[in-house]
**Q** 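One structure, pasted below without further comment.
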Amino acid sequence: MKQLATLLLCIISVQSYSQAPEKLVGLWLVGNVSVGDEVMTPNAKWTRLNEDYSQESGNGWFQHSVGSWEFDEVSNQLRIITENGLDDPFDGFSISWNEDQMIWKRIEEGMEVVVILKRIDELPLTYANQMLGLWKPEQATGEGPFFGEDLNESDYLFIRWDGKFVVGTDEGKTYGVYNVHAHKPEVELIPYGEMDRIFWSIDFLDDGVKITLLNSEEKVTRTFKRIKKFPK
């Protein structure tokens with residue numbers, strides 16, 4: 001009888017171990033991350049746990065991490081190992097579930113860290129991904145950089161995939177680099193040859209995008225619609 005009980009326990013353990021990784025496998029969107037009392041929501045951060053115990057992580061269309069993952073059913077701990085990053089100095093995450101959410105918890109430097117993830121089917125879009133492409137200004141309010149209130153048919157804004165932008169007007173072209181904030185809808189446009197760093201908030205509209213100049217005493221906005229050809 002004792003041998004039978006031991007055998008049944010082994011069978012249950014093997015079955016549970018085979019089921020647990022299957023539930024973990026897939027593409028997951030990171031929702032809220034709380035560290036102590038501080039809560040933040042990363043912009044389109046994701047991780048993919050594969051059946052062969054490999055993993056990839058990234059933000060939006062940009063993958064920045066590769067490696068592997070381990071799950072210890074006895075301790076209910078998940079460890080993410082990154083090959084191209086830094087070693088994780090903390091213990092693995094304990095795993096729990098809330099309907100369609102997976103919850104990771106652990107202690108880091110005396111504070112509880114909670115990560116809430118949701119299963120998804122496609123890579124999410126960051127603010128930077130949404131800004132990519134060719135845009136035609138439809139409305140300009142207030143005096144400021146990049147387009148006056150009197151717009152021309154030849155005006156455009158081109159946000160390139162390589163971190164560079166081009167503004168085209170009747171007066172010529174302005175080139176520079178841009179940086180989209182990792183956690184909130186803001187874009188920094190830095191024209192070549194100028195020291196000014198120009199910050200704009202971003203509002204994504206149903207049929208376009210609107211940017212508003214930050215750190216300005218006057219309201220300066222630029223509203224764009226997406227186009228597929230450069231204006232002549």
**Q** May I ask you to check whether over 12 heavy atoms, not counting those of Asp37, lie within 6.0 Å of atom CG?
**A** no
**Q** Gln139 and Thr141: which non-hydrogen atoms are nearest, and at how many Å?
**A**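 Looking at all heavy atoms of both residues, the shortest contact is NE2-OG1, 3.9 Å.
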**Q** Tell me the closest heavy-atom pair linking Thr126 and Asn59, and the distance in Å.
**A** CG2-C, 3.6 Å
**Q** Measure the shortest side-chain to side-chain distance between Leu86 and Asp88 over non-hydrogen atoms and say whether it is less than 4.5 angstrom.
**A** no
**Q** Would you compute the distance between atom CG of Leu24 and atom CD of Glu22 and round it to the nearest 0.5 angstrom?
**A** 10.0 Å
**Q** State, yes or no, whether a side-chain contact exists between Trp28 and Ile120 at a heavy-atom distance under 4.5 Å.
**A**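 No; the side chains remain at least 4.5 Å from each other.
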**Q** Can you tell me how far CD of Glu149 sits from CD of Glu143, rounded to the nearest 0.5 angstrom?
**A** 5.0 Å
**Q** Would you name the heavy atoms of Thr221 and Lys219 that are closest together and state the gap between them?
**A**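 Heavy atoms only, the tightest pair is CG2-CE, 3.8 Å.
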**Q** Is any side-chain heavy atom of Lys105 closer than 4.5 Å to one of Ile116?
**A** no
**Q** Compile the donor-acceptor pairs under 3.5 Å between side chains in residues 182-192 and protein atoms, sequence neighbours left out, one pair per line.
**A**
residue, atom, partner, partner atom, Å
Glu188, OE2, Arg197, NE, 2.6
Glu188, OE2, Arg197, NH2, 2.8

**Q** Just to verify, what does Phe90 make a ring pair (Phe, Tyr, Trp, His ring centres under 6.0 Å) with, not counting sequence neighbours?
**A** none
**Q** Is Gln63 close to Trp46 at the side-chain level, that is, under 4.5 Å between some pair of heavy atoms?
**A**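 Result yes, sub-4.5 Å side-chain heavy-atom pair found.
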**Q** Grouping I, L, V, M, F, W and Y whenever their side-chain heavy atoms are under 4.5 Å apart, do Trp161 and Val180 come out in a common cluster?
**A** yes
**Q** Tell me whether Leu125 is reachable from Val30 by hopping between hydrophobic residues (I, L, V, M, F, W, Y) whose side-chain heavy atoms are closer than 4.5 Å.
**A** no
**Q** Phe158: what forms a ring pair (Phe, Tyr, Trp, His ring centres under 6.0 Å) with it, not counting sequence neighbours?
**A** Phe230
**Q** Do the non-hydrogen side-chain atoms of Leu29 and Lys45 ever get within less than 4.5 Å of each other?
**A** no
**Q** List the atom pairs, donor and acceptor, that lie under 3.5 Å between side-chain atoms in residues 204-215 and the rest of the protein, sequence neighbours left out.
**A**
none

**Q** We want to know whether Asn32 and Thr41 form a side-chain donor-acceptor pair, criterion being a heavy-atom distance below 3.5 angstrom.
**A**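 Indeed, the side chains of Asn32 and Thr41 share at least one donor-acceptor pair under 3.5 Å.
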**Q** Show, in sequence, the C-alpha distance, side-chain angles and deciding distance for Tyr156 and Val167, and conclude whether the side-chain contact (heavy atoms from CB on, under 4.5 Å) test is met.
**A** CA-CA 6 Å; Tyr156 67 84; Val167 170; over 6 Å; no
**Q** Grab the two heavy atoms, one from Trp69 and one from Asn50, that are nearest each other, plus how far apart they are.
**A** NE1-O, 3.0 Å
**Q** Kindly give the heavy-atom pair with the smallest separation between Pro124 and Asn129, and that separation in Å.
**A**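 It is O-OD1, 4.0 Å.
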**Q** Is a side-chain N or O of Lys136 found less than 3.5 angstrom from the main chain of Glu153, in a donor-acceptor match?
**A**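 Indeed, once roles are kept as given, a pair shorter than 3.5 Å links the two residues.
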**Q** Tell me which donor-acceptor pairs under 3.5 Å the side chains of residues 171-178 have, and how far apart each pair is, sequence neighbours excluded?
**A**
residue, atom, partner, partner atom, Å
Tyr178, OH, Arg160, O, 2.5

**Q** Report the residues that fulfil side chain to side chain contact (heavy atoms under 4.5 Å, CB included) with Asn84, sequence neighbours left out, ordered by chain and then residue number.
**A** Ser65, Val66, Thr82
**Q** Measuring from Asn76:CG to Ile95:CD1, what's the distance to the nearest 0.5 Å?
**A**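 One finds 6.5 Å between CG of Asn76 and CD1 of Ile95.
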**Q** Hydrophobic cluster membership, with links at side-chain heavy-atom distances under 4.5 Å among I/L/V/M/F/W/Y: are Val166 and Trp135 in one?
**A** no
**Q** Is any side-chain heavy atom of Trp97 closer than 4.5 Å to a side-chain heavy atom of Met102?
**A** yes
**Q** Taking Glu112 for its side chain and Arg106 for its backbone only, find out whether a donor-acceptor pair lies under 3.5 Å.
**A**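 Pair absent, no side-chain N/O of Glu112 close to backbone of Arg106.
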**Q** With rounding to the nearest 0.5 Å, note down the distance linking CG in Asp72 to CG in Leu78.
**A**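 With rounding to 0.5 Å, CG (Asp72) is 10.5 Å from CG (Leu78).
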**Q** With a 3.5 Å distance limit and no angle check, can you tell me whether Asp100 reaches the backbone of Arg119 through a side-chain donor-acceptor pair?
**A** no
**Q** Give, for atom NE2 of His181 and atom CD1 of Ile202, the distance between the pair rounded to the nearest 0.5 Å.
**A**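 Reported to 0.5 Å precision, the distance equals 10.5 Å.
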**Q** Applying a strict under-4.5 Å side-chain criterion to I, L, V, M, F, W and Y, I'd like to know whether Leu123 and Leu132 cluster together.
**A** yes
**Q** Of all heavy-atom pairs between Gly148 and Leu151, which one has the smallest distance, and what is that distance?
**A** O-CD2, 3.3 Å
**Q** Just by distance, with hydrogens left out, do Asp52 and Ser54 show a side-chain donor and acceptor under 3.5 Å apart?
**A**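 Yes, because at least one side-chain N or O of Asp52 sits under 3.5 Å from a partner of the opposite role on Ser54.
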**Q** Output, in order, the C-alpha distance, side-chain angles, deciding distance and verdict of side-chain contact (heavy atoms from CB on, under 4.5 Å) for Ile103 and Val115.
**A** CA-CA 6 Å; Ile103 303 170; Val115 183; over 6 Å; no
**Q** Indicate yes or no: at least one non-hydrogen side-chain atom of Gln55 is less than 4.5 angstrom from one of Ile80.
**A**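 Yes, close enough: below the 4.5 Å cut-off.
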**Q** Name the orientation class of the two ring planes belonging to Phe165 and Phe146 (parallel below 30°, tilted from 30 to 60°, perpendicular beyond 60°).
**A** perpendicular
**Q** Do Trp104 and Val35 share a hydrophobic cluster (ILVMFWY, side-chain heavy atoms under 4.5 Å, transitive)?
**A** yes
**Q** Under a 4.5 Å cut-off applied to non-hydrogen side-chain atoms, are Arg222 and Trp200 in contact?
**A**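 Touching, per the 4.5 Å side-chain cut-off.
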**Q** Nearest 0.5 Å please: distance from the CD1 atom of Ile107 over to the CZ atom of Phe93.
**A** 11.0 Å
